[in-house]
Amino acid sequence: MLNIRSYNLGPLQTNAYLLTGADPGRGVIIDPGMNPGALLRAIEGMEIEAILLTHAHFDHIGGVDEIRKAKNCPVYLHALESEWLGSPKLNGSLMWPEASPPISTEPAEYDLAEGQVLKLLGLTFKVMHTPGHSPGSVSFLCGNDLFAGDVLFRQGVGRTDLPGGRERDLIDSIRGKLYRLDDEVKVYPGHGPRTTIGYEKQRNPYVPMQ
């Protein structure tokens with residue numbers, strides 16, 4: 001049983017997710033964004049097994065440093081973005097000074113790759129490499145819950161005009177991987193409300209079913 005709490009963080013209203021399983025005292029965090037005070041308060045007294053990053057844009061990593069230092073927990077990130085955590089230029093925080101100070105933190109402890117299986121919280125998380133929004137974008141599938149980062153939104157998709165973005169790759173990721181999941185799979189995106197694979201296959205104007 002996966003319990004999911006979401007936190008809307010930072011000026012770009014990034015969705016951070018706090019996951020717990022059978023033991024409410026152990027958690028996993030996905031994409032801790034900027035100004036993570038509410039999330040830090042929620043995990044007081046909790047052991048955090050891992051921070052999972054769907055990608056390393058600044059609005060998704062702004063809280064990594066505080067949480068990693070507070071909880072001494074490892075960070076997981078796709079190898080293609082291994083240098084981004086330490087580079088304000090690569091993670092984009094230099095591009096929007098009005099939204100973020102330069103962000104730099106230590107490298108991730110673990111690389112992620114397509115098809116990798118993570119055992120966390122007594123549950124299984126499958127790693128799906130879903131590039132397009134960024135080269136190392138991944139989605140995490142746990143049962144019927146998909147954490148898609150900035151790949152697929154409710155009636156929307158991630159932008160592809162940032163460094164390393166590519167529209168063709170994004171469409172291939174959505175059609176070739178995400179749309180092949182069961183219609184009932186719930187999608188938890190990096191911004192905006194939850195949706196389902198079935199809903200997006202029928203109603204997403206950017207990537208309609210062929």
Side-chain angles (χ1 to χ4, degrees), residues 2 4-19 27-36 38-39 42 50-67 75-78 80-81 84-85 90-93 95-96 99-100 103 105 108 112 118 125-142 144-167 169-174 177-179 181 185-197 199-200 204-207:
L2 184 65
I4 303 167
R5 282 183 274 172
S6 63
Y7 296 83
N8 202 238
L9 302 180
L12 299 189
Q13 298 184 309
T14 304
N15 291 332
Y17 296 100
L18 173 58
L19 315 180
V28 165
I29 293 172
I30 297 179
D31 290 354
M34 295 180 286
N35 307 328
L39 182 54
I51 296 172
L52 305 181
L53 299 178
T54 62
H55 63 297
H57 282 150
F58 72 95
D59 57 315
H60 291 252
I61 67 169
V64 164
D65 214 29
E66 290 176 77
I67 292 170
V75 174
Y76 292 71
L77 175 67
H78 194 279
L80 286 175
E81 296 179 16
W84 289 32
L85 289 182
L90 291 173
N91 65 45
S93 55
M95 297 173 64
W96 284 279
S100 172
I103 293 175
T105 186
L112 296 171
L118 306 176
F125 292 78
K126 180 182 177 183
V127 179
M128 305 172 70
H129 184 210
T130 48
H133 175 66
S134 70
S137 284
V138 299
S139 301
F140 300 102
L141 181 65
C142 182
N144 272 346
D145 297 309
L146 179 77
F147 301 90
D150 287 0
V151 176
L152 181 65
F153 302 131
R154 182 178 174 90
Q155 292 188 304
V157 298
R159 60 190 295 176
T160 57
D161 59 342
L162 300 174
R166 189 167 182 264
E167 183 178 3
D169 289 346
L170 185 76
I171 292 171
D172 288 346
S173 292
I174 294 171
K177 293 183 179 178
L178 301 190
Y179 279 4
L181 300 173
V185 168
K186 296 182 287 293
V187 180
Y188 294 83
H191 303 271
R194 191 181 78 184
T195 185
T196 67
I197 292 295
Y199 183 91
E200 297 312 311
N204 194 300
Y206 299 97
V207 191

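Heavy atoms only: backbone and side chains are in, while hydrogens, waters and symmetry mates are out.
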Original post:
Taking it one step at a time, do His57 and Leu162 satisfy side-chain contact (heavy atoms from CB on, under 4.5 Å)?
Top reply: CA-CA 10 Å; His57 282 150; Leu162 300 174; 3.6 Å; yes
Separation between [atom1] of [X] and [atom2] of [Y], rounded to the nearest 0.5 Å:
X      : Y      : atom1 : atom2 : result
Ile30  : Ile4   : CD1   : CD1   : 8.0 Å
Leu52  : Leu19  : CG    : CG    : 7.5 Å
Leu146 : Arg194 : CG    : CZ    : 12.5 Å

Contacts satisfying salt bridge (charged side-chain N to carboxylate O under 4.0 Å, His left out) that involve residues 131-140 (not counting sequence neighbours) are none
Specify the closest pair of heavy atoms between [X] and [Y], including all atoms of both residues, with the distance to one decimal.
X      : Y      : value
Pro32  : Leu9   : C-CD1, 4.4 Å
Ile67  : Leu39  : CD1-CD2, 3.6 Å
Asp150 : His60  : OD2-NE2, 3.1 Å
Val138 : Leu112 : CG2-CD1, 4.0 Å
Ile197 : Leu181 : CG2-O, 3.8 Å
Gly62  : Ile103 : CA-CD1, 3.8 Å

By side-chain contact (heavy atoms from CB on, under 4.5 Å) - contacts of [X] (at least two apart):
X      : answer
Thr160 : Glu167, Leu170
Gln13  : Asn8
Tyr199 : Arg154, Gln155, Thr195, Thr196, Arg203
Ser173 : Thr130, Pro131

Taking salt bridge (Lys or Arg N to Asp or Glu O under 4.0 Å) as the test, write out the residues that go with [X], two or more places apart.
X      : result
Lys126 : none
Arg166 : Asp169
Arg159 : Asp161

Heavy-atom check, side chain of [X] versus side chain of [Y], under 4.5 Å:
X      : Y      : result
Trp84  : Ser134 : yes
Val185 : Asp145 : no
Asp172 : Lys177 : no
Leu85  : Leu53  : yes
Leu152 : Glu200 : yes

Treating [X] as the side-chain partner and [Y] as the backbone partner, does any N or O pair qualify as donor plus acceptor under 3.5 Å?
X      : Y      : value
Tyr188 : Ala16  : no
Tyr17  : Pro189 : yes
Asp31  : Thr54  : yes
Asn204 : Gly156 : yes
Asp59  : Thr14  : no
Ser137 : His55  : no

>> With no hydrogens and no angle check, just 3.5 Å: does a side-chain donor-acceptor pair link Asn15 and Ser6?
In response: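 There is no such pair between these side chains.
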- side chain to side chain donor-acceptor pair (under 3.5 Å) with Asn35: which residues, sequence neighbours excluded?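 Asn35: no side chain to side chain donor-acceptor pair (under 3.5 Å) contacts found.
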Counterpart residues, ring pair (Phe, Tyr, Trp, His ring centres under 6.0 Å), relative to [X] (two or more places apart):
X     : result
Phe58 : Trp96
His78 : His129
Tyr76 : Tyr110

Intermediate values then yes/no, ring-ring contact (aromatic ring centres under 6.0 Å, His included), Phe140 and Phe125: CA-CA 6 Å; Phe140 300 102; Phe125 292 78; 7.3 Å; no
